[in-house]
Amino acid sequence: MPAHQPMLDPTTNGLYSGESPLLRTIGLTKRYGDFLANDAIDIDIWPTEIHALLGENGAGKSTLVKAIYGLIQPSAGEIFWKSQPIVLSGPSEARSRGIGMVFQHFSLFDNLTVAENVALGLDGRESFKDMSARLEQVSKTYGLPLDPKREVWQLSVGERQRIEIVRALMQDPQFLILDEPTAVLTPQEADQLFIVLERLKAEGRAILYISHKLEEVKRLCDTATILRGGKKVETCNPRLETAASLARMMVGGEIKQVKAAAGRQTTVPRLVVNDLSLAPAEPHGVRLEHISFELKGGEILGIAGVAGNGQDELFAALSGERLSKDPGTIVIEGLAAGHLSITQRRKLGAAFVPEERLGHGTAPRMKLSENALLTGHAASGMVHHGFIDTAATLKTVDRATETFDVRKAKRDPEAASLSGGNLQKFIVGREILRNPAVLVVSQPTWGVDAGAAAVIRQALLDLATAGAAVLVTSQDLDELAEIADRIAVMFHGHLSAPLATSEATREKLGLLMGGSTLEPKEAAHAVGA
Amino acid sequence: MQLVLEKRAERSNTIALISPLIAIGLTILTMVILFAILGKNPLLALHAYFIAPLTDSYSLQEIAVKATPLVMIAIGLSLCYLANAWNIGAEGQFLIGAVAGSWIAVKTQGTDAGVWVLPVMLVLAAAAGALYALIPAICKVKFGASEILTSLMLVYVADLFLDYLVRGPWRDPHGFNFPTTAEFDPVATVPLLIEGGRLHLGSIIALLVVAAVAILLGRTIKGFEIRVVGAAPRAARFGGFNSNQLIILTFAVSGALAGVAGIIEVAGPIGHLQPGISPGYGFTAIIVAFLGRLNPLGILIAGLFLALTFIGGEQAQIAMKIPLDVTKVFQGILLFYVLACDSLILYRFKLVFPNRQVARGAG
C-alpha cells in the first residue's frame with residue numbers, strides 16, 4: 001500500500017491535494033528497437049503547479065507525455081497516480097482518471113460544428129443538448145469564448161485550439177498536458193492563454209507544459225524538467241535560470257551565435273510580386289488577396305503569421321506548383337514568371353525549400369543523390385541528353401555534406417533515415433549550392449535542433465550577403481528578428497506592408513497577426529522603410 | 001508475449017532480394033499440402049511441375065515461348081505500377097494488339113505481299129494496344145475515373161470484339177465454320193529461331209525490351225520521373241514532374257508492349273487469330289511484375305518461372321491427372337505470398353514482452 005492515502009479536499013471540488021506528487025514516474029523507459037526514446041526518466045508533478053517540459057526535438061518529450069497519457073506502453077519503469085502505481089490501457093483510461101491532453105496538432109473535423117467536434121471527443125453518455133450547455137458554461141467560466149454552432153473551418157487556429165482546451169476541461173482533469181500550445185498563437189493570444197492556465201493552476205490543477213520558448217517558460221512555469229537525448233538532465237526553477245542557461249541544458253553546450261555581415265548592400269529587385277490574387281485549390285484553403293512586395297538582392301524579407309493564413313498558398317504560387325493566369329504577377333530576375341512551371345522558374349535562378357521535409361522537399365524512400373536530382377535536374381548539369389550523371393548527383397551530396405555538416409550513416413542513405421535537422425541542412429544546402437538568385441524558404445528551422453538551426457540561419461544570411469534575394473516564411477518571430485531585414489505579416493490571405501525589423505516589435509507584429517491594422521502614422525512609416 | 005510488426009529505419013535490401021524466394025518457398029509448401037489433400041504424391045507432383053519441364057529441349061523452348069508475352073506485358077505493367085498507375089487491363093490491350101496486327105495479315109492473305117507485312121503488323125499492334133490503353137488513362141486524367149475498373153472492363157470488350165471478328169467478317173471460308181481466321185502467310189508470321197523448333201524471334205524482342213527498360217529506369221531522367229511520381233507524388237510535383245503526363249505515357253507504353261506481345265503470339269506460335277489466344281497472359285503478367293519486384297531483370301526471371309508453372313501444369317495434368325486449374329491456384333497463392341512478404345522490406349517481426357510484471361511487482 002502507498003505511504004500516503006489520497007486526500008480529498010471538499011473546498012477544491014474533489015481535487016487531489018496530497019502531500020505526495022499527483023503524478024510521479026520512476027525510471028520510465030521507452031525503447032524503439034535499439035533506440036532509447038526515454039531513458040529512466042523520473043518526474044514529479046505536484047498539484048497547483050505549471051511544470052515545463054523542455055528539450056530539443058528528439059529529446060523524448062513527446063514519448064514521455066504519450067506514455068503518461070496512455071498512448072504508448074513504457075518498456076520499463078512505473079507511473080504513480082496519487083501514489084498508486086498505474087498501468088494505463090489507453091487514453092480513455094487516462095481521461096477517466098483525470099489526465100487530459102491538448103495536442104499540438106488538432107484532431108478536429110473541418111465540416112462539423114464546434115459542439116459536434118467536442119461531442120465526438122468525449123467518452124460520456126450525456127445528451128447532445130446537455131453537452132452543448134455544459135460546453136457553453138465551461139467556455140464562459142474560463143474566458144474561452146466559443147460559438148458551439150459554428151463549423152470548424154470558419155475558425156482561426158487560436159479558436160480551434162480553444163475547442164481542444166475546452167474539450168479537455170469538460171472532463172474536469174486534475175492534470176492537463178499541453179504540447180507546444182503557443183506555437184500557433186499570436187503573442188496576444190498567447191497572453192490570453194497564460195491567464196487561463198494561471199487560473200487552472202489556482203484551482204489546484206497541475207499542468208505539464210511542453211515548449212521550447214524559453215522566455216515563455218520563465219514567465220509562466222514554476223518548475224522545469226529538461227530532457228536531452230532521452231535522458232532527464234535537470235529539474236529546476238526556471239525563474240532562477242536565464243534563457244541562456246536553460247538553452248545550455250537543453251543543447252548540452254553553447255549554441256553558435258548567428259552573425260550577419262556588416263554593411264550588406266541591396267541591389268536590383270530580384271523577386272517582385274504584383275497584386276497577386278489566387279483562389280484556393282482546396283475547399284477550405286485560403287484565397288490570396290492582392291499580394292504585392294519587392295525583394296532586392298542582398299535582402300532577407302521575413303513573412304510572419306499564424307499558420308494557415310495563406311503561407312502555404314503563397315509558397316505554391318511563388319514556386320510554380322500553382323500557376324497564375326497573369327504572368328506579370330510574379331517577376332523573377334526581371335522576367336514575368338507567373339505562368340512558368342517550377343522547372344522554368346528554377347532555370348531563371350529561383351530555388352525553393354518547402355515546409356515539409358519528407359514527402360514534399362524530398363522523396364523519403366529515395367537516396368540523397370536522387371533527391372539532389374529532384375530539384376537539380378533542370379539547371380545543374382546533372383542530366384545530359386536525358387541520361388543521369390550519377391557522379392554529378394553524388395558530388396552534390398558530398399558538397400552539401402561538407403559545407404553544411406550533414407551527419408549521416410553512409411555516403412548516400414535514404415532521405416528518411418536522416419534526422420530532421422540533418423535532412424533540413426541537406427535540403428537547404430542542395431538549393432544554396434545551386435547559387436540561386438532568389439531563395440524562397442518556408443519554415444527553415446521547423447522541428448530542427450538548435451545546432452542545425454544555427455547552421456541554416458547562417459547559411460541564409462551568407463546567401464543574402466552574396467547577393468541573393470531571400471524570402472523566409474516562419475512562425476518563429478525570434479527567428480525572423482534574427483535574420484530578416486524587413487518583416488511582413490500574413491493574415492487571411494493578405495500581406496501587410498513590411499516593417500523594418502528594428503521597428504517590428506512583438507506587439508506590432510502580434511496585432512498584425514491578429515488581423516488589426518497599425519495606426520496610420522506607423523503604416524506610413526512602414527511603407528517608407 | 002506477442003508478435004508485432006515494427007517499422008524499419010531504412011528499407012532492407014536483403015529482404016527486397018529474398019522476399020520473392022521466401023514467397024516461392026511458402027507457395028511450394030502450400031502446394032505440397034494441397035497435393036496431399038488431392039491424394040497425389042507431392043514429390044512426384046513437384047517433379048512434374050518444376051523439374052520435368054527443364055529436362056528436354058522441347059519443353060525448354062516452350063518455356064521461353066510462354067515467357068515471351070509474360071515478360072513483355074509485365075515490363076510495361078511495371079512502368080505503370082512504379083508510377084502509381086494501375087493498369088489491370090493488359091489482357092485487353094494484348095487482344096486488341098493481336099486483332100489490329102491480324103487485320104493486315106487477313107487483308108494481305110494470298111496476295112504475294114512483301115516482307116513489309118510483319119513489321120507493319122507489329123507497328124499496328126503497338127499503336128492499337130497503346131490507343132486502347134489510353135482510354136482508361138485519359139478517363140483517369142480528365143474525369144478522375146478509376147483506371148483499375150475501366151481498364152479491367154475494357155478487357156471484356158476486347159475479348160468480345162475479337163470473338164465477333166473471327167465468327168463474322170474474318171472467318172476462314174474454308175475453315176469448316178470454326179471461329180478462326182485462315183492460317184497467316186509466311187510473310188505475316190514471326191520467324192523461328194531454330195528450324196523445326198518452337199523458339200521464335202519474339203523472345204529476342206522481349207529481351208531487347210527488358211534491356212531498354214532497364215536502361216530507362218536506371219539511367220535516364222524519364223525513368224527517375226516515373227519512380228518519383230509513384231514513390232512521392234508531392235515531391236515529384238515539387239521536382240517539376242507532371243503525374244498526369246506520366247499516367248498517359250506509362251499506360252501508352254504498357255499498352256503498346258501488350259499489343260506487340262499479342263500479335264507476336266498470334267503470328268508466332270498460334271499462326272492465326274482465334275478466340276482463346278491467351279491463357280490469361282495479361283493477368284498472369286501482374287504476378288510476374290510484382291514477383292520480379294517491378295525490376296526488369298527480376299521480371300525476366302519471374303516470367304520464366306511463371307512460364308514453367310504453365311508448362312509444368314500441363315505435364316502434371318498429363319502425367320498425374322492433376323487439373324490444369326491447379327496452375328491458376330498456384331499463381332494466385334504466389335501473388336498472395338509475394339505481397340505479404342513485401343511488407344517485410346519495410347517492417348520486421350518482433351517479439352514483445354509486455355512490462356506488466358514490472359508494474360505488478362512494484363504494486
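Just so we're on the same page: letters track the sequence lines, and every chain starts at 1. Everything numeric here is computed off the predicted structure, so don't read it as measured data.
- A donor-acceptor distance shorter than 3.5 angstrom exists from the side chain of A:H377 to the backbone of B:G239, with no hydrogens or angles considered.
- For a residue to count as touching a neighbouring chain, one of its non-hydrogen atoms must lie under 4.5 Å from one of that chain's; by this rule A:R346 touches chain B with the side chain only.
- Comparing A:T343, A:T390, A:T375, A:L374 by how many heavy-atom pairs each has under 4.5 Å with chain B, the most go to A:L374.
- For A:E356, the part lying near chain B is the side chain, with the backbone staying farther off; criterion is any non-hydrogen pair under 4.5 Å.
- Counting heavy-atom neighbours within 6.0 Å of A:K395 NZ, excluding the residue itself, gives a total of 12 or less.
- If you measure heavy-atom distances from B:I215 to chain A, the contacts under 4.5 Å come from the side chain alone.
- Heavy-atom pairs under 4.5 Å with chain A were tallied for B:R227, B:R237, B:E225; the largest tally goes to B:R227.
- Chain A forms the most heavy-atom pairs under 4.5 Å with one residue out of B:N242, B:V228, B:I221, and that residue is B:I221.
- Taking all atoms of both residues into account, the shortest heavy-atom contact from B:F238 to A:P354 is CZ-CD, 3.5 Å.
- The number of heavy-atom neighbours closer than 6.0 Å to NZ of A:K367, taken from other residues, nucleotides and ligands shown, is 12 or below.
- Interface remark: A:F35 contributes no atoms to any contact with chain B (heavy atom separation under 4.5 Å).
- In this structure, the separation between CG on A:L373 and CZ on B:F224 is 4.5 Å, given to the nearest 0.5 Å.
- Other residues, nucleotides and ligands contribute at most 12 non-hydrogen atoms within 6.0 Å of the CZ atom of B:R219.
- Of all the heavy atoms in A:A363 and B:A235, the pair that sits closest is N-CB, 3.9 Å.
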